[in-house]
Amino acid sequence: MSKENSSPNLSDQLPKRTVIFGLHLWVVVGICVGAAFVLLLFLISLWFASRRSSSRSKHSSIPDVSKEIQEIRIDSSEPKPLAQMLSMAPPAESNPSSAAVERQALLLPREDESPIGANKIHIEIGKDHRISYPECRSGSSHGSGEHRSVEQVAIVVPEVSHLGWGHWYTLRELEIATSMFDDENVIGEGGYGIVYHGVLVDSTQVAVKNLLNNRGQAEREFKVEVEAIGRVRHKNLVRLLGYCAEGAHRMLVYEYVDNGNLEQWLHGDVGPCSPLTWELRVNIILGTAKGLMYLHEGLEPKVVHRDVKSSNILLDKQWNPKVSDFGLAKLLGSERTYVTTRVMGTFGYVAPEYASTGMLNEKSDVYSFGILIMEIISGRKPVDYSRPPGEVNLVDWLKTMVSSRNSEGVLDPKMLEKPSSRTLKRVLLVALRCVDPDAQKRPKMGHVIHMLEVDDFPYRDDHRAGQRVCLNQQEKSTEKTAPESVL
Ligand SMILES: Nc1ncnc2c1ncn2[C@@H]1O[C@H](COP(=O)(O)OP(=O)(O)OP(=O)(O)O)[C@@H](O)[C@H]1O
C-alpha cells in the first residue's frame with residue numbers, strides 16, 4: 001500500500017466510532033496515550049521511592065540501634081547521640097589536612113591481620129541482646145568514615161552495632177577525647193593495654209582502655225569485657241559506657257573514677273598518716289563486697305571477677321569503691337564450675353585451689369576478697385619480700401598475730417584512729433573465713449555483707465562457728481591455735 005493511500009485512510013478512520021462504548025477512535029487513542037503516560041510516571045516514582053528507602057535503611061542502622069540505649073539513660077552525663085556527635089565532626093566536603101589524612105591512615109589494618117571483611121564478631125549477651133558488627137566494610141558514610149580521601153577506601157569501619165546497652169564510639173571521637181592518645185593523658189597501664197583519661201565532646205569524663213594491638217588476647221578480653229560488663233549496673237562496679245572497634249583497634253570506654261585506686265592509697269606515698277580512716281576502710285570493704293555480690297548473685301549467668309585486688313578497686317572523691325577490670329571475668333552458668341586452661345589472677349590474691357587446679361568459681365573471688373580485707377586493715381601488701389621472713393606472706397603473718405592474741409598489732413600504723421577491739425575482730429573473722437583453704441567453707445559474698453553489717457555482731461556464735469573452720473595442714477601439724485577460735 002502506498003503512503004498516499006494510507007494517510008488519508010488513517011485520518012478517515014479517526015473520526016469513526018469504535019466498538020468501545022461507541023467512542024471515536026481518536027478518543028480511544030488519546031485515552032491509551034494518557035494512560036501509558038500516567039503508568040510511566042507511576043513507575044518512575046516507584047523507582048525513586050525504592051532507591052531512597054534502601055539508602056535510608058543503609059544509613060539509619062547506627063543511629064537507631066547502636067547509639068543511645070534507653071536502659072542506660074540513667075544520669076545526665078550520658079554520651080550524646082550519634083547525630084549530635086556527627087554534627088561536631090568535620091563536614092564530609094571539608095578538605096582534611098595532611099595531618100588528618102595521616103591519622104586516618106592509622107586505621108588501616110596491619111598486614112598480618114585478617115583480610116577485609118574476614119572477621120565478623122557476633123556476641124550473644126543474654127537472650128535478648130546481640131552484638132554483631134562486621135568489622136570491615138569500605139565506603140561507609142558515617143562516623144570517622146565521613147572525611148576520608150579516595151586513598152582510604154580500604155579503611156575499616158564498623159557499620160552496624162546492635163548494642164543493647166551501650167554506646168559505639170568512633171576512633172575519631174576517642175582521639176579527640178584523649179588529644180590523640182597523648183602521653184599526658186595516660187592514667188595507667190595494665191596487662192592488656194594502656195588506660196587514658198578522656199573528655200568527650202559533651203564534657204563527660206571517661207577512661208579509655210586501649211587494648212594492645214594483639215589480635216589474640218586483646219580481642220578475647222575485649223569480647224569478654226563487652227559481654228560481662230555491658231549489661232552490668234551497680235554503684236560499686238565501674239561502668240562500661242561503650243566501646244570502639246575500628247580495624248585493628250579495640251577500646252573500652254569506662255566511666256572515669258576520679259580518685260585513683262586503692263593500691264595507690266594503701267601503699268603509695270601518702271605521708272605519715274593515711275587519709276583512709278577505719279570508717280572509710282570498712283566502707284570500702286563493704287562497697288567492694290556489694291559489687292562482688294552483684295556479680296556473683298545478681299546476674300544470670302553469674303560473673304566471676306577472677307582478679308580482685310587493690311589496684312582494681314577504684315575510688316571516687318567520696319571514697320566510694322568501684323570494682324574495675326573485668327578483663328579476666330568469665331561468664332558462668334549457674335551451679336557450674338568453670339575450668340580454665342590458664343590460671344590468671346595476681347600473685348598473692350589467687351585462691352589455692354584455683355592456682356593448683358584451675359578450678360574456678362565465685363569462691364575464688366571470695367578468697368581474694370579476704371586477702372583484700374587483710375590488706376586494707378593492715379596497709380600491707382599480700383606478699384612483701386621487703387619484710388622479715390615471718391611477715392612476707394600477709395595471711396600467715398596475720399594468722400600468727402591473731403593466734404597470739406595480738407589482733408590490734410595488725411592495724412595499719414598510718415591509721416591514727418583505731419577501731420574498737422570488737423569491731424576489729426568482727427572484720428578479721430570475716431577475712432579469715434574468706435581465706436579458708438576449703439573453698440566450700442568460705443562464705444558467699446551475701447553472707448559476708450551480712451556479717452559486716454550486723455550491728456550487734458553475734459560474736460559468740462561466730463566464735464564457736466569459727467572453731468569449726470578447717471585449719472590448714474600446717475596449722476594442724478604444728479598444733480597451733482586456730483586464729484578464728486582466738487577471736
Ligand atoms: N575507669 C577508670 N577510671 C579511672 N582510672 C582508671 C579506670 N580504669 C583504670 N584506671 C586506672 O588505670 C590503671 C590501669 O588499669 P588496668 O585495669 O588496665 O590495669 P591494672 O588493674 O593496673 O593491671 P592488670 O592488667 O594486672 O589488672 C589502674 O590502675 C587505674 O588506676
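All ligand and atom numbering here is 1-based and tracks the order in the structure. Keep in mind it's a predicted model, so treat the numbers as computed, not measured.
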Q.
Give the atom numbers and elements of ligand 1 that come within less than 4.0 Å of a heavy atom of I187.
A. 5 (N), 11 (C)
Q. Salt-bridged, D325 to K309, with N to O below 4.0 Å?
A. no
(Q) Between the side chains of R380 and D412, is the shortest nitrogen-to-carboxylate-oxygen separation below 4.0 Å, so that they form an ion pair? (A) no
**Q.** Atoms of ligand 1, numbered as shown, that sit under 4.0 Å from any heavy atom of D325
**A.** 17 (O), 21 (O), 24 (P), 25 (O), 27 (O)
Q.
Under 4.0 Å from a heavy atom of D307: which atoms of ligand 1 are those, numbered in the order shown and with their elements?
A. 27 (O)
Q: List every atom of ligand 1 that sits less than 4.0 Å from any heavy atom of A207, numbering the atoms from 1 in the order shown and giving each element.
A: 1 (N), 2 (C), 3 (N), 7 (C)
Q) Quick one: does S311 get a heavy atom under 4.0 Å from ligand 1? A) yes
Q | Side-chain H-bond candidate by donor/acceptor type, T400 with S403, under 3.5 Å | A | no
Q. Looking only at heavy atoms of K309, does any of them come nearer than 4.0 Å to an atom of ligand 1?
A. yes
Q) Do any nitrogen or oxygen atoms of Y254 come within less than 3.5 Å of a nitrogen or oxygen of ligand 1? A) no
Q.
Between K322 and E255, does any NZ, NE, NH1 or NH2 come within less than 4.0 Å of an OD or OE carboxylate oxygen?
A. yes
(Q) Strictly below 4.0 Å, N to O, side chains only: are E362 and R442 in salt-bridge contact? (A) no
Q) Taking only heavy atoms of V238, which atoms of ligand 1 are found under 4.0 Å from at least one of them? A) 1 (N)
Q: Heavy-atom distances under 4.0 Å are what count here, so tell me which part of L314 touches ligand 1: side chain, backbone, both or neither.
A: side chain
Q | ligand 1-proximal atoms of K209, by part, heavy-atom distance under 4.0 Å | A | side chain
Q) Can you find an N/O atom of N261 closer than 3.5 Å to an N/O atom of ligand 1? A) yes
Q.
Show the atoms of ligand 1 that are less than 4.0 angstrom away from any heavy atom in V195.
A. 9 (C), 10 (N), 12 (O), 14 (C), 15 (O), 18 (O)
Q) Is D396 paired with K399 through a side-chain N to carboxylate O contact shorter than 4.0 Å? A) no
Q | Any side-chain donor near an acceptor of the partner, R281 and S274, under 3.5 Å | A | yes
Q.
Within this structure, what is the CZ-CD1 distance for the pair F369 and I376, rounded to the nearest 0.5 Å?
A. 7.0 Å
Q) Between H267 and E375, does any side-chain donor sit less than 3.5 Å from a side-chain acceptor? A) yes
Q: Can you sort out which atoms of ligand 1 are near E255, meaning under 4.0 Å from one of its heavy atoms?
A: 1 (N), 2 (C), 3 (N)
Q) Atoms of ligand 1 less than 4.0 Å from Y256 heavy atoms? A) 3 (N), 4 (C)
